[in-house]
Amino acid sequence: MKRSDYNTAVDLYADGLFRFALKQVLDRAVAQDLVQDTFMKVWEKRETIQAEKVKSYLFTTLYHLVVDWSKKPKSIQNSNLLAHSFISKEPQVFDLQTTIEEALQKLNQIQKTVLLLRDYEGYTYSEIGEMTGLTETQVKVYIFRARRQMKAYFVHLENIV
């Protein structure tokens, strides 16, 4: 595998690897460390890895690192979590998924539809326009307004929490 193949793999798979690790270890800092270790191992073995098989190698390597991490004594895992919790600025009792769903419910139907199609499903403005019967400009306006309303909801929540 060439350097350019490695860089492409980082661009393509880093986010997916992070999501996978985060779901496994439930700690952002540990997940980031595991992903970084995964990419280091791939870099060290870049001469023996075929570019076409790098995705499989990355996920397999990460899986093994997660398994190794889970075999560590619980006291080490907990001390890592404790250390990271002091650094983390995220409230421990704040359920982001529920809060996002509540904020989405505050949007009108068209705003919610275009926002979900764009930000959660990844469709382009023109594709959303075709699906909803709106012009591309209308789609952009609805998305802008929906994001602004979501931001206002979270800012208001920040003042309460």
Side-chain angles (χ1 to χ4, degrees), residues 4-39 42 51-67 69-70 77-78 80-161:
S4 61
D5 295 330
Y6 177 82
N7 290 335
T8 300
V10 170
D11 291 340
L12 291 176
Y13 307 121
D15 291 338
L17 289 166
F18 176 73
R19 284 190 304 271
F20 176 78
L22 185 58
K23 288 180 182 179
Q24 300 295 324
V25 300
L26 303 175
D27 181 80
R28 295 182 70 82
V30 172
Q32 289 170 342
D33 290 344
L34 291 171
V35 171
Q36 185 174 355
D37 291 346
T38 299
F39 280 112
V42 169
E52 306 84 42
K53 297 183 179 181
V54 71
K55 181 180 180 182
S56 166
Y57 191 88
L58 284 165
F59 277 92
T60 301
T61 302
L62 179 58
Y63 171 74
H64 289 293
L65 288 172
V66 168
V67 169
W69 179 85
S70 67
Q77 289 179 16
N78 291 338
N80 285 342
L81 290 174
L82 183 61
H84 293 303
S85 69
F86 287 118
I87 296 170
S88 175
K89 296 184 191 307
E90 298 174 307
Q92 299 298 321
V93 295
F94 185 70
D95 184 7
L96 184 59
Q97 183 65 34
T98 302
T99 307
I100 290 172
E101 289 171 8
E102 290 170 0
L104 283 171
Q105 296 308 314
K106 303 284 184 194
L107 300 175
N108 68 40
Q109 189 60 43
I110 191 66
Q111 287 176 333
K112 184 162 76 171
T113 299
V114 296
L115 187 67
L116 290 173
L117 287 172
R118 177 69 179 164
D119 292 343
Y120 286 95
E121 300 300 325
Y123 289 105
T124 65
Y125 296 119
S126 59
E127 291 171 329
I128 295 168
E130 290 173 18
M131 286 183 229
T132 59
L134 300 169
T135 66
E136 192 171 324
T137 303
Q138 289 173 314
V139 170
K140 289 178 182 179
V141 168
Y142 280 121
I143 290 173
F144 172 78
R145 290 178 181 164
R147 288 178 179 158
R148 186 175 60 189
Q149 191 171 336
M150 296 277 289
K151 180 180 177 183
Y153 182 81
F154 283 108
V155 168
H156 177 70
L157 269 179
E158 184 178 280
N159 293 333
I160 294 171
V161 177

Sorted by chain and residue number, the ring pair (Phe, Tyr, Trp, His ring centres under 6.0 Å) partners of Y142 (sequence neighbours excluded) come out as none

To the nearest 0.5 angstrom, please state how far the [atom1] atom of [X] sits from the [atom2] atom of [Y].
{"X": "K140", "Y": "R145", "atom1": "NZ", "atom2": "CZ", "result": "14.5 Å"}
{"X": "E102", "Y": "F154", "atom1": "CD", "atom2": "CZ", "result": "9.0 Å"}
{"X": "D37", "Y": "W69", "atom1": "CG", "atom2": "CH2", "result": "13.0 Å"}

Which heavy atom in [X] sits nearest to a heavy atom in [Y], and how many Å separate them?
{"X": "I143", "Y": "R118", "value": "CD1-CB, 3.6 Å"}
{"X": "A14", "Y": "V35", "value": "O-CG1, 4.4 Å"}
{"X": "I110", "Y": "L134", "value": "CD1-CD1, 3.7 Å"}
{"X": "F39", "Y": "Y6", "value": "O-OH, 3.1 Å"}

Any residue meeting side-chain hydrogen bond (donor to acceptor under 3.5 Å, both in side chains) with R147, in chain and number order, not counting sequence neighbours
D119

For Q138, which residues count as a side-chain hydrogen bond (donor to acceptor under 3.5 Å, both in side chains) partner, sequence neighbours excluded?
T135

Please examine the side chains of F18 and L34, heavy atoms only from C-beta on, and report whether any two atoms are closer than 4.5 Å.
no

Is there a side-chain contact between V114 and Y125 in this structure, where contact means two heavy atoms from C-beta onward sitting under 4.5 Å apart?
no

Indicate yes or no for a side-chain donor-acceptor contact from Y153 to the backbone of L104 under 3.5 Å, with no hydrogens or angles considered.
no

Going through the distances and angles, do T8 and V54 end up as a side chain to side chain contact (heavy atoms under 4.5 Å, CB included)?
CA-CA 10 Å; T8 300; V54 71; over 6 Å; no

With side chain to side chain contact (heavy atoms under 4.5 Å, CB included) as the criterion, how do L115 and L107 come out once you've worked through the C-alpha distance, each side chain's angles and the decisive distance to 0.1 Å?
CA-CA 10 Å; L115 187 67; L107 300 175; 3.9 Å; yes

